[in-house]
Amino acid sequence: MSRILIKTPKEIERIRDCGALVAETLAKSKEMCKPGVSTLEIDDFVREFTLKNGAIPACLGYEGFPKSVCTSVNDVVTHGIPGPYVLKDGDIINVDITSILNGYYADSSETFFVGPPKPNASELVVTARECLFEGIRVCGLPNARFSDIGAIISGIAEEHGFSVVRDYCGHGIGRSFHEKPQVIHYRQMLPGPKIENGMVFTIEPMINEGSYKTRLLADKWTAVTADGKLSAQWEHTIAITPHGVEILTLAR
Ligand code: MF3
Ligand code: CO
Ligand code: CO
């Protein structure tokens with residue numbers, strides 16, 4: 001039976017180093033999310049920039065995933081595969097980057113507007129971002145439990161009439177991509193495990209404009225909303241330290 005791993009300050013330092021590179025790669029990807037740019041071009045950039053910086057794109061070949069980054073446009077909830085699709089005004093795109101630097105993983109994503117945002121897309125993306133940061137905040141409160149994350153996120157999403165995806169979760173992370181625990185973003189009936197010093201995990205809520213239900217495309221990766229409405233996601237890798245909760249995927 002595997003359990004939630006506790007990381008030493010040295011290990012957290014390694015994940016933070018990787019996180020800084022992920023943040024820089026994500027910021028540069030944001031600049032590329034303009035009308036006329038294909039998701040393949042974003043993939044090429046992420047792969048080359050990651051390798052140039054001495055790191056490995058974790059997605060490439062992960063359980064057979066064919067590209068170096070996930071690009072999830074509009075009704076794509078998560079795990080969109082870069083391809084010939086060309087971004088256009090009014091699209092929203094989540095770029096989800098995971099790198100491995102010196103054996104340690106860090107994982108972060110943001111949803112960007114392509115051209116001027118439409119009002120409904122704007123409310124969804126801003127709300128998804130707020131869900132992430134409120135989820136992070138509650139992890140730093142005394143006696144926090146993993147179930148507190150889903151409680152706060154569900155409340156925020158519901159205030160806006162949005163829903164929280166249930167089919168995909170956050171995860172512990174460190175020397176491997178997906179470790180214990182599963183970080184659930186929706187409200188649960190039972191209290192989850194305690195959040196303790198040395199834990200490192202992602203929070204990555206996917207917030208849907210309509211129903212929370214998802215559907216998997218024939219490529220076995222791309223998850224879309226069942227109702228075809230928009231979905232937005234934001235993700236950080238965080239650590240619990242004696243000084244509180246720390247976001248590890250920040251640019252330096
Ligand atoms: N980065 C995603 C996550 O947040 C996982 C992508 S796995 C891939 O957990 F294979 F699709 F790349
Ligand atoms: Co990710
Ligand atoms: Co993740």
Side-chain angles (χ1 to χ4, degrees), residues 4-5 7 15-16 18-27 29-30 39-40 42-47 50-51 55-73 76-83 92-101 104-112 128-129 131-133 135-136 139 146 149-150 153 164-186 199-207 214 216-224 231-239 247-250:
I4 303 177
L5 297 175
K7 273 82 180 180
I15 302 168
R16 188 189 296 111
C18 185
L21 175 61
V22 167
E24 190 184 354
T25 315
L26 193 54
S29 302
K30 179 178 184 176
T39 52
L40 262 182
I42 299 168
D43 182 66
D44 283 334
F45 164 73
V46 169
R47 187 187 56 255
T50 302
L51 293 171
I56 299 164
C59 294
L60 189 58
Y62 176 78
E63 293 188 7
F65 191 81
K67 298 291 174 188
S68 297
V69 61
C70 297
T71 51
S72 301
V73 178
V76 179
V77 173
T78 194
H79 301 164
I81 303 173
I92 59 171
I93 176 174
N94 173 277
V95 177
D96 189 347
I97 299 176
T98 311
S99 300
I100 315 167
L101 184 63
Y104 286 84
Y105 289 70
D107 184 4
S108 183
S109 82
E110 288 185 25
T111 298
F112 305 124
R129 183 179 187 279
C131 285
L132 169 60
F133 283 96
I136 293 171
C139 292
F146 279 98
I149 299 169
I153 288 174
V164 181
V165 169
R166 306 171 77 97
D167 296 335
Y168 301 89
C169 303
H171 47 93
I173 185 167
R175 296 198 67 103
S176 47
F177 202 154
H178 295 103
E179 297 180 356
K180 288 237 168 142
Q182 288 196 54
V183 178
I184 292 170
H185 303 113
Y186 53 89
M199 289 182 178
V200 177
F201 54 91
T202 73
I203 301 179
E204 49 183 297
M206 287 139 276
I207 306 299
T214 73
L216 198 59
L217 297 190
D219 63 24
K220 297 275 192 233
W221 279 106
T222 312
V224 298
S231 185
Q233 179 177 26
W234 288 71
E235 173 176 26
H236 272 305
T237 296
I238 66 173
I247 299 176
L248 298 178
T249 35
L250 290 179

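Small disclaimer: the values here were computed from a predicted structure and weren't measured. We count ligands from 1, going down the list as the structure has it; atoms in each ligand are counted the same way.
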### Task
Considering only non-hydrogen protein atoms, determine which one is nearest to atom 5 (C) of ligand 1 and report residue, atom name and distance to 0.1 Å.
Phe177 CZ, 3.6 Å
### Cation-aromatic face contact Arg175/Tyr104, 6.0 Å, 45 degrees
yes
### Task
Heavy-atom contacts with Glu235 under 4.0 Å: which atoms of ligand 1 show up? List them by number with element.
4 (O)
### Task
Look at atom 4 (O) of ligand 1 and say which protein heavy atom is nearest, naming residue and atom and giving the distance to 0.1 Å.
Glu204 OE1, 2.7 Å
### Query
Using heavy atoms and a threshold below 4.0 Å, how should the contact between His171 and ligand 1 be classified: side chain, backbone, both, or neither?
side chain
### Task
Considering only non-hydrogen protein atoms, determine which one is nearest to atom 2 (C) of ligand 1 and report residue, atom name and distance to 0.1 Å.
Asp96 OD2, 3.3 Å
### Task
Would you confirm whether Lys67, through its side chain, and Leu40, through its main-chain N or O, come within 3.5 Å as a donor-acceptor pair?
no
### Task
I would like to know whether Tyr168 and His185 meet ring pair (Phe, Tyr, Trp, His ring centres under 6.0 Å); could you show each step before the answer?
CA-CA 9 Å; Tyr168 301 89; His185 303 113; over 10 Å; no
### Task
Please assess Tyr62 against His178 for the test ring pair (Phe, Tyr, Trp, His ring centres under 6.0 Å), listing each intermediate value before the final yes or no.
CA-CA 11 Å; Tyr62 176 78; His178 295 103; 5.4 Å; yes
### Query
Angle at the Co ion (ligand 3) between OE2 of Glu235 and OD2 of Asp107, to 10°?
90°
#### Entry: Whether Lys67 lies under 4.0 Å from ligand 1, heavy atom
no
### Query
Out of the N/O/S atoms in Glu204, what is the name of the one closest to the Co ion (ligand 3)?
OE2
### Message
Could you identify the single nearest non-hydrogen protein atom to atom 3 (C) of ligand 1 and state the distance to 0.1 Å?
### Response
Asp107 OD2, 3.3 Å
### Message
List ligand 1 atoms under 4.0 Å from His79, heavy atoms only on the residue side.
### Response
5 (C), 6 (C), 11 (F)
## Note on the structure
The answer for which part of Ser109 has a heavy atom under 4.0 Å from ligand 1 is neither
### Task
Tell me, please, if His171 has any N/O/S atom, main chain or side chain, under 2.8 Å from the Co ion (ligand 3)?
yes
### Message
Under 3.5 Å between any N/O of Tyr62 and any N/O of ligand 1: does that happen in this structure?
### Response
no
### Query
Is a donor on one side and an acceptor on the other found under 3.5 Å between the side chain of Thr39 and the backbone of Gly83?
yes
### Task
Search all heavy atoms of His79 against all heavy atoms of Ser72 and return the closest pair with its distance.
N-OG, 3.5 Å
#### Entry: Under 3.5 Å: donor-acceptor pair, side chain of Thr111, backbone of Gln233
yes
### Task
Among Thr237, Leu250, Leu248, find the residue that satisfies the side-chain contact (heavy atoms from CB on, under 4.5 Å) test when tested with Arg16.
Leu248
### Summary
If you scan protein heavy atoms around atom 12 (F) of ligand 1, the nearest is Cys59 SG, 2.9 Å
#### Entry: Trace of the side chain to side chain contact (heavy atoms under 4.5 Å, CB included) decision for Thr202 with Val183
CA-CA 7 Å; Thr202 73; Val183 178; 5.5 Å; no
### Asn94 side chain vs Ala232 backbone, donor-acceptor pair below 3.5 Å
no
#### Entry: ligand 1 to Thr98 polar contact by distance, N or O atoms, under 3.5 Å
yes
### Message
I'd like to know if the Co ion (ligand 2) has an N/O/S atom from Asp96 within less than 2.8 Å of it, counting both backbone and side-chain atoms.
### Response
yes
